[in-house]
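The structure appears right after this line, and notes come after that.
Every value quoted in this text rests on a predicted model; they were computed, and no experiment measured them. Values below: all heavy atoms of this structure, side chains included; hydrogens, waters and symmetry mates excluded.
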Amino acid sequence: GVRNLWKNHAKQLQMAGYKKAGKLLKNKKYANMISEAAKRGPKAIQSTHYILINRDPEYRKLYNEDKESGQEEEKN
């Protein structure tokens, strides 16, 4: 699940810009893709992110929303 994904790969996920409580990791479709990539290592996480951010509008939207919500949290 998402908890184990974060627990086991937090550093690599953070490097790729994912948020622990973000919408992307709560979305089963993307969480499964990211989880499969994480099993292959940090470069696979980054590659999966790169492909999805450039080819999948829904992924890009969720990623940007997570990024914006993270910036709002930092301001408060």
Checklist line | Separation of L13 CG from L5 CG (nearest 0.5 Å) | finding: 5.0 Å
Notebook entry, point to check: With N27, which residues qualify under side-chain contact (heavy atoms from CB on, under 4.5 Å), at least two apart?
Noted result: K29, Y30, E58, L62
Checklist line | For H49, side-chain hydrogen bond (donor to acceptor under 3.5 Å, both in side chains) partners two or more places apart | finding: Y59
Next item on the list: Indicate yes or no: at least one non-hydrogen side-chain atom of R40 is less than 4.5 angstrom from one of T48.
Entry: yes
Margin query: Just to verify, what does K61 make a salt bridge (charged side-chain N to carboxylate O under 4.0 Å, His left out) with, not counting sequence neighbours?
Written below: E65
Margin query: Let me check something: do M33 and I53 share a hydrophobic cluster, defined by ILVMFWY side-chain heavy atoms less than 4.5 Å apart, either directly or through other members?
Written below: yes
Checklist line | Closest approach of A44 to A37 (non-hydrogen atoms, all atoms of both residues) | finding: CB-O, 3.3 Å
Check: Do the non-hydrogen side-chain atoms of K19 and W6 ever get within less than 4.5 Å of each other?
Finding: no
Next item on the list: Could you check if a side-chain atom of Y18 sits within less than 4.5 angstrom of a side-chain atom of I45, using non-hydrogen atoms only?
Entry: yes
Checklist line | Residue pair N32 / K28, side-chain heavy-atom distance below 4.5 Å | finding: yes
Next item on the list: Starting at CG of N54, measure out to CZ of R60 and round the result to the nearest 0.5 Å.
Entry: 7.0 Å
